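Atoms within each ligand, like the ligands themselves, are counted from 1 in listed order. Keep in mind the model is a prediction, meaning the values are calculated, not measured.
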Amino acid sequence: MPVQNGGDIIIDKTPLISLVIPCYNEEEAIGLFYEEALSVLEKSEGILDLEFIFVDDGSKDATLSELRKYAARDDRVHYLSFSRNFGKEAALLAGLAESTGKFVVTLDADLQDPPSLIPEMLRVVSAGEYDCAATRRVTRKGEPVIRSFFARCFYYMMAKVADIEVVDGARDFRLMSRLYVDAILSLEERNRFSKGIFPWVGFKTKWFEYENRQRSAGATKWSFWKLVIYAFSGIVAFSSKPLAIASVLGILFFLTSLVLILIIVIKKMIGYTVNVDGWASTTCIILFTSGVQLFSVGILGQYLAKTYTEVKHRPHYIIKEAA
Ligand code: UDP
Ligand code: MG
């Protein structure tokens with residue numbers, strides 16, 4: 001868009017939209033994504049220019065050579081390639097930091113986030129009332145039952161303990177204004193949990209809903225355990241209530257022991273003989289209380305570990321190649 005500046009015409013190269021796409025072993029999906037995104041966006045009125053920022057998160061397959069191919073063919077395609085797999089959160093962060101568009105869309109490479117929603121999202125955000133258009137899945141169709149069950153448990157727990165509202169089924173598929181992106185980038189934490197960071201920065205968000213879709217190609221990169229660990233780190237990142245729970249448990253057990261000691265002392269004073277029986281119940285009590293202690297120390301350890309990674313202040317990712 002040309003801009004007049006004291007007689008000189010400066011060509012404003014800022015693209016309207018940047019698409020940020022994290023890719024980990026997506027050799028088959030990239031081509032499909034590129035074709036589909038272009039076919040939707042080029043047709044759409046008002047989207048004059050765009051840029052693709054693919055982030056290769058240390059893929060082990062031919063993802064990088066696919067990206068090189070598309071970048072050589074189309075100068076709107078840019079890519080960053082990490083030195084190893086740093087995780088989707090790091091890939092999203094790198095893509096956002098690299099993006100230059102007035103609006104930025106984050107979406108998966110596997111077409112589970114339909115690019116056909118982007119024109120409508122852009123219309124809503126560019127009208128100015130909203131700073132972000134976010135999406136959530138209304139169904140979990142096609143997902144293993146056990147995974148859906150634990151996902152629901154996680155959202156339920158998060159709603160109880162977190163100080164921010166994490167929306168059930170929210171995807172990382174978002175269209176954000178530059179202001180919103182800069183707010184996200186101002187959070188420098190290492191332990192990044194986007195599902196919490198988005199609501200934490202605030203602003204006005206418009207929600208779009210859609211049905212779950214199957215991947216276009218390849219397989220999911222999230223194993224069940226990877227998801228469990230991700231869920232725990234989300235809770236630690238956005239709530240200190242587990243620490244409070246551990247403290248309350250400690251106080252409760254201390255008070256219970258005081259009452260029991262008092263009962264034994266009074267019984268002794270009024271002449272009851274204390275039974276030597278009951279080693280089984282004693283063992284159970286010892287096992288139970290030491291279990292609670294380890295549980296509490298474990299919680300403390302989680303927070304300490306996260307604090308340790310924060311204070312080391314290592315970079316979020318290392319870029320090996322970019323274009
Ligand atoms: N992804 C990534 N790094 C990882 C895992 C995943 O960049 O360590 C990318 C992946 O290539 C995809 C997106 O994150 O574009 C979502 O991953 P996936 O589709 O496997 O997750 P699901 O949709 O099954 O939750
Ligand atoms: Mg997916």
Nearest non-hydrogen protein atom, [atom]:
atom	result
atom 25 (O) of ligand 1	W222 CD1, 3.8 Å
atom 5 (C) of ligand 1	K221 CB, 3.6 Å
atom 1 (N) of ligand 1	Y24 CB, 3.8 Å
atom 14 (O) of ligand 1	K88 CD, 3.3 Å
atom 24 (O) of ligand 1	T220 OG1, 2.6 Å
atom 23 (O) of ligand 1	Q112 OE1, 2.7 Å
atom 18 (P) of ligand 1	R215 NH2, 3.5 Å

**Q.** D168: which of R137, K195, R152 passes salt bridge (Lys or Arg N to Asp or Glu O under 4.0 Å)
**A.** R152
(Q) Set out, in order, the CA-CA distance, both residues' side-chain angles and the distance that settles salt bridge (Lys or Arg N to Asp or Glu O under 4.0 Å) for R68 and E321, then state yes or no. (A) CA-CA 10 Å; R68 286 191 193 119; E321 188 179 320; 2.9 Å; yes
(Q) Could you check whether any side-chain heavy atom of D49 comes within less than 4.5 Å of a side-chain heavy atom of I17, counting everything from C-beta outward? (A) no
Q) Can R171 be said to sit on top of F173's aromatic six-ring, NZ or CZ under 6.0 Å from centre and within 45° of the ring axis? A) no
Quick check on contacts: which atoms of ligand 1 are under 4.0 angstrom from a heavy atom of [X]?
X	result
P22	7 (O), 9 (C), 10 (C), 11 (O), 12 (C), 15 (O)
G87	3 (N), 8 (O)
C23	7 (O), 11 (O)

**Q.** Mutual orientation of the aromatic rings belonging to Y70 and Y34 [parallel < 30°, tilted 30-60°, perpendicular > 60°]
**A.**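 Y70 vs Y34 ring planes: tilted.
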Q | Parallel, tilted or perpendicular: ring planes of F82 versus F86, cut at 30 and 60 degrees | A |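 Perpendicular, since the angle between the ring planes exceeds 60°.
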Q: Using a cut-off of 6.0 Å, state whether more than 12 heavy atoms not belonging to F203 lie near its atom CZ.
A: yes
Q. Hey, which protein N/O/S atoms does the Mg ion (ligand 2) have under 2.8 Å?
A. D110 OD2, Q112 OE1
Q. Who passes ring-ring contact (aromatic ring centres under 6.0 Å, His included) against F253, sequence neighbours left out?
A.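 Per chain and number, F253 pairs via ring-ring contact (aromatic ring centres under 6.0 Å, His included) with F288.
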Without placing hydrogens or testing angles, list every side-chain donor-acceptor pair under 3.5 Å for residues 234-244, not counting sequence neighbours.
residue: S239; atom: OG; partner: V161; partner atom: O; Å: 2.8
residue: S239; atom: OG; partner: K241; partner atom: N; Å: 3.0
residue: K241; atom: NZ; partner: V161; partner atom: O; Å: 3.3

Q) With distance as the sole criterion, is a donor-acceptor pair present between the side chains of T135 and E209 under 3.5 Å? A) no
Q | Short side-chain donor-acceptor distance under 3.5 Å, Y317 and D57 | A |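 Y317 and D57 do not have a side-chain donor-acceptor pair below 3.5 Å.
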Relative to ligand 1, is [X] under 4.0 angstrom through side chain, backbone, both or neither, heavy atoms considered?
X	result
A109	both
E26	side chain
N85	side chain

Q: Determine, using heavy atoms of K226 and all atoms of ligand 1, whether some pair is separated by less than 4.0 Å.
A: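 Yes; K226 lies near enough to ligand 1 that a heavy-atom distance drops under 4.0 Å.
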(Q) Going by the closest heavy atom to atom 13 (C) of ligand 1, which one wins out of D57, D110, D108? (A)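 Going through D57, D110, D108 one by one, D108 has the nearest heavy atom to atom 13 (C) of ligand 1.
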Q) Mind checking whether V124 and V167 sit in one hydrophobic cluster, side chains of I, L, V, M, F, W, Y counted as touching below 4.5 Å? A) no
N/O donor to acceptor pairs below 3.5 angstrom from side-chain atoms of residues 180-188, sequence neighbours left out:
residue: Y180; atom: OH; partner: R174; partner atom: NH1; Å: 3.3
residue: Y180; atom: OH; partner: F198; partner atom: O; Å: 3.2
residue: S186; atom: OG; partner: A183; partner atom: O; Å: 2.6

